[in-house]
Amino acid sequence: MNSVPRCRRGAGSGSGRPARRSSPLLSRPMPIQDPLQMLAQRFRGAIAAAYPQAADADPLITPCKSADMGDFQSNAAMGLAKRVGQKPRDVAAAIVRHADLTGIAEPLTDASIAGPGFINVRLKAAALRDALSSLDSASLGVEPASPAKTIVVDLMGVNLAKQMHVGHLRSPIIGDCLARTFERLGHSVIRQNHVGDWGLPIAMVTARIQQLAREGRIDLAKLTLDDLDTAYKAAQAECQRDVDGLAAAKRFGLGPKALAELEEQVNGATESFNAARQTLVKLQSKEPQTYGVWQRIYEVTMKVCLDVCRMLRVNVTAEHNAGESSYADELGPMVDDLIARGIAVPDQGALIIRLDDPPKGADGKPLWEPIKEPVLVRKSDGGFLYATTDIAGIRRRVQKFGASEGVYAIDARQSLQMKQVFAASIKAGYATHPKTGEIALLAHAAFGAVLGEDGRPFKTRSGESVKLADLIEETFSRAAKAVQSRDAELPASEARAIAEAVGVAALKYGDLSTDRIKDYVFSFDRMLAFEGNTGPYLLYAYVRVRSIFRKAAERGIGESWRRAAFPCEQAAEKQLALALLRYPAAVRGVADSLEPHRLCQYLYDLAGAYSVFFDQCHVLNAESETLRDSRLRLCDLTARVLADGLSVLGIPTVERM
RNA sequence: GCGGGCGUAGCUCAAUUGGAUAGAGCAUCUGACUACGGAUCAGAAGGUUAGGGGUUCGAGUCCCUUCGCCCGCGCCA
């Protein structure tokens, strides 16, 4: 991360956690077998009966933190106390008197009330069994959202002619995970790779490559991304020299000699600058020779980009490309529209959109938080800016694609820019859905920087930034060594696939498992550790479950377990069951918060609950075949939830490792 | 200068959005197995949640303030 990437989707850090979204459309009532929902219903009834004036109060049912307190608890009494003017414990007692938990939980008593007014609930085993049975379906309790929405996810964000590095890791990992989450919930997802492939800098590279090719110093057929990266930097340096020179000349009175040198520099730079301008004009008119070179540059860059996506098992392909160039012809007309409607106004020769006075919506609230800084959509020289393309992006995504939601997996440093673009699009009406008339929900899923173990931006020891493909390959080879060192007897034919799965798990889980807004420390050793909260550990947990079924097959145990009743007698069985039941809410939680680490935490908890179960409850050597079968069914459900959850994270599973 | 983000155990991170005794993993120490993958499980130790003030039944979480680190702030992309 030597420089701020041209394309704003690059690496970085900064600010801006989007407002938590209360999105009723994404939330859908659980099947009625979910104990949490059932308890909420019963407690709601109890509250309504005890306090009719507060019948709308939320029962606030949550799983208990500790098993010895109970299975679930209601935290409603404390909040209600103030509202009805009674002591919290008295309110709790009244709720307890009115609550009928028949068929779900043990009857409540005064002993169910704890502390200031927590009401603890213990489920009946039969209710738990029923709940597990209803979870044990193809959907694993994650029912399709209704209505399904069209959600655009902006992810990846590469720049033409620039080498991919560690800073490009987070957007595809986070964005793809969010996309998968939405897909899992039945929404229609459109991924967009907003490639930075247009504008003067790209024209400069194109001009330079053309020049080098003409001089025979470069073979277009053998062009590499490294060639392009070098050319880009050289071209940028020339441009910078020009800008710096002119600025300096204006600021200082220089001696004749210095001024002469400067002029020479500036003239040289201006020469290449003008060449770039001419190249841009040719590009815009798709002059064949120039455009061909540009296409070649595009191919070379995208090849690397899509290779990286394949290696990472990120679902981004060529069809998701929506580069800046694809908006080039839309910007002029769009800006004309903004002018005609008075959205954009002239200011000091440029064209801006003011964002400091948002109109109020139907609910009386401002359509966006006022932003002091206006956004520039056209420079005084007539050129368009980044924000202009981004606004066009929202227009296309909402107006053409019909998106009712747009999620941007982009560096947190772009926070202000994102807010401005969102606000400007809303102001222009581009974010208003053409059919429903509702304003699309626009969210910036901002993420922090990738740091090295020294706490500074991730680099090699020599200070170079690491090529992303090399970084991934190193992860794979380290994963291969780690797997080998456990001397498991693995077929050689599977070794590579296993190493890649473990590597992908390590990389993605390392990124996704912490709050994305924070910077995170990149460490091969930590992410590839097989102990603790890591991707490989979760894969291992899955492998260990699957291993039981291989062993069962060896012993000639059939599939009678598929019809067995779930076990909920032993503490470890019960805790595993309760953990499994939390799965659908965990997936929805990611969609609502745009925070993948919630699912990671859930899966780690689940794996932990399974480990305890595995330790305390023997499956294949259980006391009876009935118990064995019921435990096998519990194992099967665990494996499927683990695999499903990992797939939502974008992590493939393996059968052995 | 203005704005935003972050600050939690020695280290890396959580905390169901205001709920019970702030939880995990690593590292350290102590236990458990002739069984399903020990890549495991149980336990100990480790905290003035950067400091201070406030709001209330209750604050890591909300408000004010100080400090530290990072980031951003119209003609760059």
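Letters A, B, ... are given to chains in the order of the sequence lines, protein chains preceding strands, and every chain is numbered from 1. Please read these numbers as outputs of a predicted model, since none were measured by experiment.
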Using a heavy-atom cut-off of 4.0 Å across all strands, would you classify Pro88(A) as base, sugar-phosphate, or nothing? nothing
Are there any protein N/O atoms within less than 3.5 Å of an N/O atom in nucleotides 10-14 of chain B, and if so, which ones and at what distance?
residue	atom	partner	partner atom	Å
U12(B)	O2'	Arg526(A)	NH1	2.6
U12(B)	O2'	Arg526(A)	NH2	3.4
A14(B)	OP1	Asp515(A)	N	2.3
A14(B)	OP2	Lys518(A)	NZ	2.9
A14(B)	O2'	Gln601(A)	OE1	3.3

Does G74(B) count as syn, meaning its glycosidic angle lies within 90° of 0, or as anti? syn
For Gln616(A) and for Ser547(A), find the nucleotide of RNA chain B with the closest heavy atom, then tell me which residue's nucleotide is more 5'. Ser547(A)
Categorize Arg656(A) for me: base, sugar-phosphate, or nothing, with a 4.0 angstrom heavy-atom threshold over every strand shown. base
C6(B) and C26(B), which share atom name P, separated by this distance in whole Å: 28 Å
Tell me what Gly79(A) touches on the nucleic acid: a base, only sugar-phosphate, or nothing, going by heavy atoms under 4.0 Å. base
Checking all strands, does Pro536(A) fall into the base, sugar-phosphate, or nothing category for heavy-atom contacts under 4.0 angstrom? nothing
Touch check for Val612(A), heavy atoms < 4.0 angstrom, all strands: base, sugar-phosphate only, or nothing? sugar-phosphate
So, for Tyr520(A) and Phe447(A), is the gap between ring centers shorter than 6.0 Å? no
Only pairs with both distances under 3.5 Å count, Watson-Crick or wobble alike; so what is the partner of G74(B) in this structure? none
What nucleic acid atoms does Cys600(A) come within less than 4.0 Å of, heavy atoms only: base, sugar-phosphate, or nothing? nothing
Mind checking if Leu351(A) touches a base, just sugar-phosphate, or nothing, with heavy atoms under 4.0 Å? nothing
Within the 4.0 Å heavy-atom criterion, would you say Tyr604(A) contacts the bases, only the backbone, or no part of the nucleic acid? sugar-phosphate
What is the nucleic acid contact for Lys372(A), judged by heavy atoms within less than 4.0 Å: base, sugar-phosphate only, or nothing? sugar-phosphate
Provide the distance between the two C1' atoms, one in A20(B) and one in A59(B), to the nearest whole Å. 14 Å
Using the C1' atom as the point on both nucleotides, what is the distance between C67(B) and G31(B), in whole Å? 45 Å
Just checking, any donor-acceptor pair under 3.5 angstrom between side chains of Gln414(A) and Tyr408(A)? no
State whether the aromatic ring of Phe118(A) stacks on the base of A20(B), taking stacking to mean ring centres under 5.5 Å apart and ring planes under 30° to each other. yes
Kindly confirm or rule out a cation-pi arrangement of Arg544(A) over Tyr610(A), judged by NZ or CZ under 6.0 Å from the six-membered ring centre and within 45° of its axis? no
Just call it for Asp68(A): base, sugar-phosphate, or nothing, with non-hydrogen atoms closer than 4.0 Å on any strand. nothing
If the P atom of C41(B) is compared with that of G46(B), how far apart are they to the nearest Å? 23 Å
